[in-house]
Number of protein chains: 2
Amino acid sequence: MADLLSVAKLAGVSRATAARAFSSPDLVRPATRERVLNAAQQLAFRPNKIAQQLRSQATQMIGVMVPSLDNPVFAEQLQAMEVAARAAGYSLIVTTSEYSPSREGDIVEEMLRQRVDGLVLTVAEADNSAVLVKLSLETTPCLLVYNPPGNSGFPSIGVDNRAASADATRHLITLGHERIGMVAGPLLQSDRARQRFDGYCHAMDEAGLIAHPLVEMARHTQADLKSLTPALQGPDALSAVVCTNDLLAISLMGELQRAGFNVPSDLSVMGFDGIALGKHLYPSLCTIEQPRADIGRTAVHTLLAMIRGEECTPDPLPHALRKGESVGTPTSRKSTLSTS
Amino acid sequence: MADLLSVAKLAGVSRATAARAFSSPDLVRPATRERVLNAAQQLAFRPNKIAQQLRSQATQMIGVMVPSLDNPVFAEQLQAMEVAARAAGYSLIVTTSEYSPSREGDIVEEMLRQRVDGLVLTVAEADNSAVLVKLSLETTPCLLVYNPPGNSGFPSIGVDNRAASADATRHLITLGHERIGMVAGPLLQSDRARQRFDGYCHAMDEAGLIAHPLVEMARHTQADLKSLTPALQGPDALSAVVCTNDLLAISLMGELQRAGFNVPSDLSVMGFDGIALGKHLYPSLCTIEQPRADIGRTAVHTLLAMIRGEECTPDPLPHALRKGESVGTPTSRKSTLSTS
DNA sequence: TTGTACGCGTTATCAC
DNA sequence: GTGATAACGCGTACAA
């Protein structure tokens with residue numbers, strides 16, 4: 001590929017002048033500029049970003065790490081980030097960690113070697129993350145997304161999970177539900193899920209209701225009905241559940257219906273995240289909408305501010321309750337317990 | 001950040017030796033190597049990829065452009081690509097085009113300036129794409145995904161859309177359906193959708209059935225029932241439809257059910273793509289499964305082969321029919337036409 | 001086995 | 001206005 005020197009030669013000027021024709025066009029006489037631009041055209045010259053980056057010690061690249069793109073929450077956030085970054089002249093290097101700490105480490109190391117100007121990460125556990133302590137010793141700006149801003153020391157973008165989860169629970173309480181449970185992925189292995197459980201407990205307490213023990217599913221994004229069945233039987237059967245994420249809620253609804261339960265009359269199901277698809281289902285998913293696009297945009301803008309050297313302590317973004325057909329008023333105790 | 005020279009100084013060797021300690025460890029005496037590595041450790045030295053890239057004229061970076069990450073099809077493909085790329089020591093620069101030709105152009109230009117080693121693109125229209133003619137004049141390897149391998153001249157990874165769509169249609173025919181329609185996004189503005197319509201027509205012809213005119217929805221991934229309603233009324237009412245993608249099918253199912261139709265007894269709905277979520281819905285989505293993960297992996301491996309200079313003409317990947325509850329046998333003409 | 005020296009393509013600081 | 005020249009950080013042919 002043609003470089004600046006060949007362009008300069010063809011135009012009959014020095015490399016410096018050729019360079020100026022691009023970076024500061026007004027510093028060069030119009031006629032000369034023309035010649036350079038023409039030469040560049042003829043040679044199909046394309047500025048080499050690598051060289052620019054080496055020279056300027058800045059890459060205009062942002063390193064992004066999310067757990068998985070199979071979850072629309074992250075994909076939708078990434079979509080927004082990409083648009084915002086591009087608009088600001090930045091590119092995204094995208095990686096997935098699968099929540100694996102060792103992968104997290106490798107990925108961040110790789111991105112630092114690539115000299116990204118900043119990092120946007122969603123880690124498994126912000127408060128107890130090897131990769132974050134490593135990063136705290138570096139100078140590369142780093143921003144968390146979705147991870148609650150705990151004592152990790154890094155600024156974080158996201159909603160107030162505890163408050164949002166409490167709101168979800170209160171919505172059910174307002175409708176008259178009293179026996180409300182929470183369904184989550186394995187071991188509460190995510191700091192977000194834990195906060196959401198907190199919020200649920202808080203709202204229950206506040207209403208004088210007893211919080212039930214967490215119903216743990218084997219997988220993070222796929223419900224298995226068996227784990228829930230016990231809580232659906234007997235005189236204390238739940239009339240509503242809050243799931244810690246939408247994929248879990250959607251698959252739970254499917255399982256329930258397939259087993260002969262009606263949603264919401266047998267069980268109201270509430271999600272958390274607000275992925276786009278939830279609106280189009282039947283019954284449509286009642287959920288907490290995290291402003292995913294806004295989160296993505298804000299993450300990029302905040303990181304750019306940090307790169308410029310500004311100090312940032314972003315506020316939580318507002319969540320919203322999205323009503324949906326998957327939640328209804330509690331019906332009188334159903335007489336027949338149909339279990340598969 | 002510490003550079004190789006400071007490491008060399010601290011270790012009491014020349015820069016060349018320090019460099020070798022990393023790139024060809026066996027060319028340097030173990031004792032010396034130790035000293036270098038120790039020095040590197042102390043200085044928190046991190047190799048500068050930019051410099052390596054400039055020097056080696058290779059970036060180990062793949063440029064990826066998809067229409068949108070809001071569609072799980074692309075997100076899931078990307079997930080697989082990222083894993084495969086990382087395993088091979090490559091990074092991904094990810095961009096979204098929103099199907100806009102001008103954005104496509106900007107993005108590709110930007111990636112070429114970044115000197116990516118290769119490109120993986122999904123464009124709106126492969127046969128008539130400005131960005132592809134531009135790329136045909138370049139030497140950077142380029143591979144299409146999902147776009148049918150038409151006369152664009154670029155190798156392409158994906159399923160045989162025409163055959164897959166015919167299979168979907170035949171599945172309905174086998175179940176006894178005769179009045180089968182196809183539902184698509186706007187204007188068939190996607191080459192894939194057009195091929196899928198072709199396949200549908202072919203299967204209908206083959207069975208001696210008449211292909212219905214395409215039912216066009218205003219949006220690519222969201223059904224509006226009104227456009228379909230006419231085809232659902234009267235003596236010739238459809239008993240089944242094939243949608244050109246899963247998001248369309250899922251939202252259509254939701255709309256139908258919300259309007260009082262039963263799926264599949266009033267209308268069987270078939271999707272196309274096989275996004276993960278479809279399995280967990282109720283009714284579960286009957287669809288054509290594109291091997292999205294395999295497509296992503298194969299795309300990366302094929303591109304790497306091209307980067308190595310090998311000639312590639314990949315075969316279409318096999319699709320599969322995924323049965324689901326959204327499709328049933330046709331019922332006798334329903335007596336009451338319930339329209340909202 | 002180790003050191004010297006050059007080039008990768010730009011940009012910025014000087015002179016002219 | 002324009003041209004020479006020195007970095008930016010690294011890899012490697014060549015010489016020692």
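Treat the numbers as computed from the prediction; the structure is a model and nothing was measured. Throughout, protein chains are lettered first and strands after them, A, B, ... in sequence-line order, and every chain is numbered starting at 1.
Identified under the salt bridge (Lys or Arg N to Asp or Glu O under 4.0 Å) test for residues 62-77 of chain B, with sequence neighbours left out: B:Glu76-B:Arg292. Pairs engaging residues 3-13 of chain B under the salt bridge (Lys or Arg N to Asp or Glu O under 4.0 Å) rule: none recorded [sequence neighbours left out]. For residues 13-50 of chain A, the pairs satisfying ring pair (Phe, Tyr, Trp, His ring centres under 6.0 Å) are A:Phe22-A:Phe45, with sequence neighbours left out. Contacts classified as salt bridge (Lys or Arg N to Asp or Glu O under 4.0 Å) and involving residues 18-46 of chain A (residues at least two apart or in different chains) are given here: A:Arg46-B:Glu109, A:Arg46-B:Glu138.
In this structure, the side chain of A:Ser156 engages the main chain of A:Asn147 through a donor-acceptor pair within 3.5 Å. Judged by distance alone, with hydrogens and angles left aside, the side-chain atoms of B:Thr32 form no donor-acceptor pair with the main-chain N or O of B:Val28 at under 3.5 Å. Using a distance-only test at 3.5 Å, with no hydrogens or angles considered, no donor-acceptor pair links the side chain of B:Glu104 to the main chain of B:Ser129.
With a cutoff of under 4.0 Å to any heavy atom of chain A, the contacted region of DNA chain D is bounded 5' to 3' by D:dG1 to D:dG9.
For A:Gln41, the CD atom sits in a loose shell: 12 or fewer heavy atoms of surrounding residues, nucleotides or ligands are nearer than 6.0 Å.
Near DNA chain C, meaning a heavy atom under 4.0 Å away, the residues from residues 51-63 of chain A are A:Ala51, A:Gln52, A:Arg55. Heavy-atom distances under 4.0 Å link DNA chain C to B:Arg20, B:Leu27, B:Val28, B:Arg29, B:Thr32 of residues 20-37 of chain B, given in residue order. Of the residues in residues 1-13 of chain B, those lying under 4.0 Å from DNA chain D by heavy-atom distance are B:Asp3, B:Leu4.
Applying the 4.0 Å criterion to OP1 and OP2 of C:dG3, one finds that B:Ser14 has a side-chain N or O inside that range.
For the salt bridge (Lys or Arg N to Asp or Glu O under 4.0 Å) test, no residue two or more places apart in sequence or in another chain qualifies with A:Glu311.
With 3.5 Å as the limit, one finds a donor-acceptor pair spanning the side chains of B:Gln114 and A:Gln53. Using modelled atom types and a 3.5 Å distance limit, the side chains of B:Gln60 and A:Glu110 yield no donor-acceptor pair. Side chains of A:Asp117 and A:Thr59: a donor on one and an acceptor on the other come within 3.5 Å.
Rounded to 10°, the angle separating the first-five-pair axis and the last-five-pair axis of the helix from C:dT1-D:dA16 to C:dC16-D:dG1 equals 40°.
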Pair up each side-chain donor or acceptor in residues 297-307 of chain A with any protein partner under 3.5 Å, not counting sequence neighbours, and list the distances.
residue: A:Thr298; atom: OG1; partner: A:Asp294; partner atom: O; Å: 2.6
residue: A:His301; atom: ND1; partner: A:Arg297; partner atom: O; Å: 3.4
residue: A:Thr302; atom: OG1; partner: A:Thr298; partner atom: O; Å: 2.7

Name the atoms and distances for all side-chain donor-acceptor pairs under 3.5 Å in residues 83-95 of chain A, with sequence neighbours left out.
residue: A:Arg86; atom: NE; partner: A:Glu82; partner atom: OE2; Å: 2.9
residue: A:Arg86; atom: NH2; partner: A:Glu82; partner atom: OE2; Å: 3.3
residue: A:Thr95; atom: OG1; partner: A:Val64; partner atom: O; Å: 2.9

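Counting to the nearest Å, the P atom of C:dT10 and the CZ atom of B:Arg113 are 11 Å from each other. Regarding B:Ile50, its CD1 atom lies at a distance of 13 Å from the C1' atom of C:dG9, rounded to whole Å.
Here the nucleotide nearest the side chain of A:Arg15, chosen from C:dA12, C:dC6, C:dT10, is C:dT10.
Salt-bridge formation is detected for the pair A:Arg194/A:Glu125: a Lys NZ or Arg NE/NH1/NH2 atom is positioned less than 4.0 Å from an Asp or Glu carboxylate oxygen.
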